[in-house]
Amino acid sequence: MIDKYRKAAEKKAMICPFCHEELRLRAGEIRDIHFAHLKGKSCQGAEAYDTYHNQTKRENKKHSVIKEIIYNELKGQELIRPDLKVEYGYKEKAEEKWKHYPDIYLNKNGREFAVSVITNVHEIGDDKIVKTINKRNKYFKEKGLESIWFVEDRELADDYEHRVLHLWEAEYGLAIKTEEDYIWDKLLKELSEEFPGQNIPSLFGYRAHGIMNRDVRSLYYVHSIGDEITFSVYRLILDQMQSPFRGFALTEGYRMNISQALIVRDEILLSDKEQEDKNRFEFANQVLFQIEALKAEEALRRQANEVSYEEQARDEHFASTVQETIVEVAGAYMTADIDVVEYVSKLKYLSLSPQEAEALFYYLKVHRHELEDYGLTITEVKNWVRYALGKISEPKIRKWLVEIEEL
């Protein structure tokens, strides 16, 4: 078989698809069997293809299918748009000998785009693909190209009920900024000005890792069945870059067919304008609803607090009344047989015991209006109390004398 192809090459039957020069079969110990240009000849197209081929080795079989469908759709529009150029990345930039090539190069009236499809984005080896994506994004930006990424749908993990889009770390670098995202930014700014102090993600119960920038981005997931593909569009605000990686989903996401998604205007459309307007209108209404719900909840809380305060005041009044009743009953019980004249006399001579001092206090608290019946006044008794306080050091007696003085 090798001899067969070697003979064909010697008869100039093997031609380079890029430069159309002759190729020869090589089968050495260092490299596998391959075709190469004649000695002294070089081909920038072949070199660029080799670089691109090595770049795409990590991708799965769907990659080339998705890439070709996107390429054919965009290439078809080139025929009717004189200011549009579409080419494979390695072909367009072969002469410049780039380190990285996009799958598809697109130039719309001087505005350049790097269109790339990525598959096999997953946790295993995530660090490596994160670095790869960041390198390509940086490189394309340095070359003046805007990056557009399409992600294989197997990586999609959304939880719209909790407004969460779960991500691999690599997906951060795949979120792009489009014209529609700037319109979303404007809406968020208007809502923040209308409802100052409100954290919009938290209104929906989204728990952020920390402060989130008001910077809407898009992720485009591609779904392929056979030779037919569709796209899912997700608008989100990326959370802080820490595990678990995620974003706040502004929309539930919606699907578009390829002919609708890849319409080229000033850029690739990548959206359904009518659907986007509807989504923004619904989102603004949802924010308003959440704020009204918070206000209603706060009103109910205040009402509950007011009821609780009234109940507490009633309870305190009841407890005070009960305590006063207890004191009165206890005082009446303790002073039923007291000889107030004798107790006051003991007070004068500083011979009052702690129990007698307590009994005198309760008697005066309940029966002070009866002192006149014994030729005494409350003022006279308090004068003797003050006198006793200057003479008596016993704490248990002083306690009750102080209580009498404060009656």
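Fair warning: this is a prediction, and the values are worked out from it, not measured in the lab. Just the heavy atoms: all of them, side chains too, but no hydrogens, waters or symmetry mates, feed the values below.
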Discussion item. Determine whether Glu146 and Lys108 satisfy the following criterion, salt bridge (charged side-chain N to carboxylate O under 4.0 Å, His left out), listing intermediate values before the conclusion.
Written reply: CA-CA 11 Å; Glu146 300 174 48; Lys108 177 64 169 68; over 6 Å; no
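- Judged by the 6.0 Å distance and 45° axis criteria, Lys177 is positioned over the aromatic ring of Tyr182.
- Summarising the geometry of Arg398 relative to Leu389, their closest heavy-atom pair is NH1-O, 2.6 Å, with the distance given to 0.1 Å.
- Shown here for Tyr206 and His162, the closest heavy-atom pair between the two residues is CD1-O, 4.0 Å.
- Judged by distance alone, with hydrogens and angles left aside, the side-chain atoms of Glu405 form no donor-acceptor pair with the main-chain N or O of Lys382 at under 3.5 Å.
- Electrostatic pairing of Glu179 and Arg265 does not count as a salt bridge here, judged by no charged N lying under 4.0 Å from a carboxylate O.
- Annotation: side chain of Gln290 is not in contact with side chain of Val287 (no heavy-atom distance under 4.5 Å).
- You'll find the side chain of Val385 stays beyond 4.5 Å of the side chain of Val402, heavy atoms only.
- Formation of a donor-acceptor pair under 3.5 Å by the Ser271 side chain with backbone atoms of Leu269 is found in this model.
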Practice prompt. Output, in order, the C-alpha distance, side-chain angles, deciding distance and verdict of side chain to side chain contact (heavy atoms under 4.5 Å, CB included) for Lys99 and Thr51.
Written response: CA-CA 7 Å; Lys99 294 179 181 178; Thr51 299; over 6 Å; no
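- Distance alone, capped at 3.5 Å, places no donor-acceptor pair between the Thr119 side chain and the Glu152 backbone.
- Under the rule for a ring pair (Phe, Tyr, Trp, His ring centres under 6.0 Å), the partners of Tyr71 that lie at least two apart in sequence or sit in another chain are Tyr88.
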Discussion item. For a side chain to side chain contact (heavy atoms under 4.5 Å, CB included) check, start with the C-alpha distance between Leu270 and Phe150, then their side-chain angles and the critical distance, and finish with the verdict.
Written reply: CA-CA 11 Å; Leu270 297 175; Phe150 295 103; 3.7 Å; yes
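- Taking the salt bridge (Lys or Arg N to Asp or Glu O under 4.0 Å) definition, one finds that Glu155 meets it with nothing, sequence neighbours left out.
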Fill in: Test log, rule side-chain hydrogen bond (donor to acceptor under 3.5 Å, both in side chains), inputs Arg302 and Asn305
CA-CA 5 Å; Arg302 281 200 306 269; Asn305 288 338; over 6 Å; no
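- Between the side chains of Trp184 and Asn279, no donor-acceptor pair is found at a separation under 3.5 Å.
- One distance of note links CZ of Arg81 with CG of Leu74; it measures 10.5 Å at 0.5 Å rounding.
- The environment of Glu274 atom CD is sparse: at most 12 non-hydrogen atoms of other residues, nucleotides or ligands sit within 6.0 angstrom.
- Under a 3.5 Å cut-off, the side chain of Asn107 and the backbone N or O of Lys85 do not form any donor-acceptor pair.
- Heavy-atom contacts from other residues, nucleotides or ligands closer than 6.0 Å to NZ of Lys138 number 12 or fewer.
- The closest side-chain heavy-atom distance from Phe113 to Arg111 is below 4.5 Å.
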Side chains of residues 247-254: which donor-acceptor pairs under 3.5 Å do they make with residues two or more places apart or in other chains?
residue : atom : partner : partner atom : Å
Thr251  : OG1  : Gly253  : N            : 3.4
Tyr254  : OH   : Asp272  : N            : 3.0
Tyr254  : OH   : Glu276  : OE2          : 2.6

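- Taking the six-membered ring where the residue is Trp, His367 and His369 present tilted rings, their angle falling between 30° and 60°.
- Within a 6.0 Å radius of CD1 in Ile80, more than 12 heavy atoms belonging to other residues, nucleotides or ligands are found.
- A donor-acceptor contact shorter than 3.5 Å is absent between the side chain of Thr56 and the backbone of Glu59.
- By the neighbour-count criterion of 12 heavy atoms within 6.0 Å, atom CG of Asn285 is densely surrounded, having more than that number from other residues, nucleotides or ligands.
- Counting non-hydrogen atoms of neighbouring residues, nucleotides and ligands closer than 6.0 angstrom, the CD atom of Gln242 exceeds 12 such neighbours.
- A donor-acceptor distance shorter than 3.5 angstrom exists from the side chain of Glu171 to the backbone of Trp168, with no hydrogens or angles considered.
- Within the cation-pi definition used here (under 6.0 Å to the ring centroid, within 45° of the axis), Arg163 qualifies as a partner of Phe204.
- In this structure, Phe361 and Trp400 have tilted ring planes: the angle between them lies in the 30° to 60° band.
- Residues Leu238 and Asp215 fail the side-chain proximity criterion, which asks for heavy atoms closer than 4.5 Å.
- For Asp185 and Lys189, the salt-bridge test fails: no basic side-chain N is under 4.0 Å from an acidic carboxylate O.
- Nearest approach of Ile229 to Ile258, heavy atoms of both residues: CD1-CD1, 3.6 Å.
- Residue Gly210 comes nearest to Asp239 through the heavy atom pair N-OD1, 4.1 Å, listed as atom of the first residue, atom of the second, then distance.
- For Glu403 and Lys399, the salt-bridge test fails: no basic side-chain N is under 4.0 Å from an acidic carboxylate O.
- With hydrogens and angles disregarded, no donor-acceptor distance shorter than 3.5 Å links the side chain of Tyr105 to the backbone of Pro102.
- Residue Leu174 comes nearest to Ile133 through the heavy atom pair CD2-CD1, 3.6 Å, listed as atom of the first residue, atom of the second, then distance.
- Ion pairing of Lys346 with Glu356 is present here, as a side-chain N (NZ or NE/NH1/NH2) and a carboxylate O approach within less than 4.0 Å.
- Note on ring orientation: taking the six-membered ring where Trp is involved, the planes of Tyr387 and Trp384 are perpendicular (angle over 60°, cut-offs 30° and 60°).
- Between the Gln55 side chain and the Tyr101 main chain, a donor and an acceptor come within less than 3.5 Å of each other.
- Residues passing the salt bridge (Lys or Arg N to Asp or Glu O under 4.0 Å) test with Arg255, sequence neighbours excluded: none.
- Asp158 places no side-chain N or O within 3.5 Å of a backbone atom of Tyr160 that could act as its donor or acceptor partner.
- A 6.0 Å sphere centred on CD of Glu372 holds no more than 12 heavy atoms belonging to other residues, nucleotides or ligands.
- Salt bridge status for Glu298 with Lys295: absent, with no side-chain N to carboxylate O gap under 4.0 Å.
- Side-chain N/O atoms of Asn134 and Lys131 include no donor and acceptor closer than 3.5 Å.
- In terms of the side-chain hydrogen bond (donor to acceptor under 3.5 Å, both in side chains) criterion, Tyr139 has no residue partners (sequence neighbours excluded).
- Rounded to the nearest 0.5 Å, atoms OG (Ser218) and CD1 (Ile176) are 6.0 Å apart.
- No side-chain heavy atom of Gln77 sits under 4.5 Å from any side-chain heavy atom of Val86.
- From Ile104, atom CD1 reaches atom CD of Glu68 across 7.5 Å, with rounding to the nearest 0.5 Å.
- A side chain to side chain donor-acceptor pair (under 3.5 Å) with Asp181 is found for exactly one of Arg217, Lys186, Arg235, namely Arg235.
- Listed for the Tyr90 side chain is no donor-acceptor partner under 3.5 Å among the backbone atoms of His100.
- Closest non-hydrogen pair, Met256 versus Ala261, comes out as CE-CB, 3.6 Å.
- Using a cutoff of 4.0 Å between basic side-chain nitrogens and carboxylate oxygens, Glu87 and Lys93 are not scored as salt-bridged.
- Other residues, nucleotides and ligands contribute more than 12 heavy atoms inside 6.0 Å of the CG atom of Leu79.
- Residues passing the side chain to side chain contact (heavy atoms under 4.5 Å, CB included) test with Ala388 are Leu347, Leu350, Ile392, Leu401, sequence neighbours excluded.
- Other residues, nucleotides and ligands place no more than 12 heavy atoms under 6.0 Å from the CD atom of Glu228.
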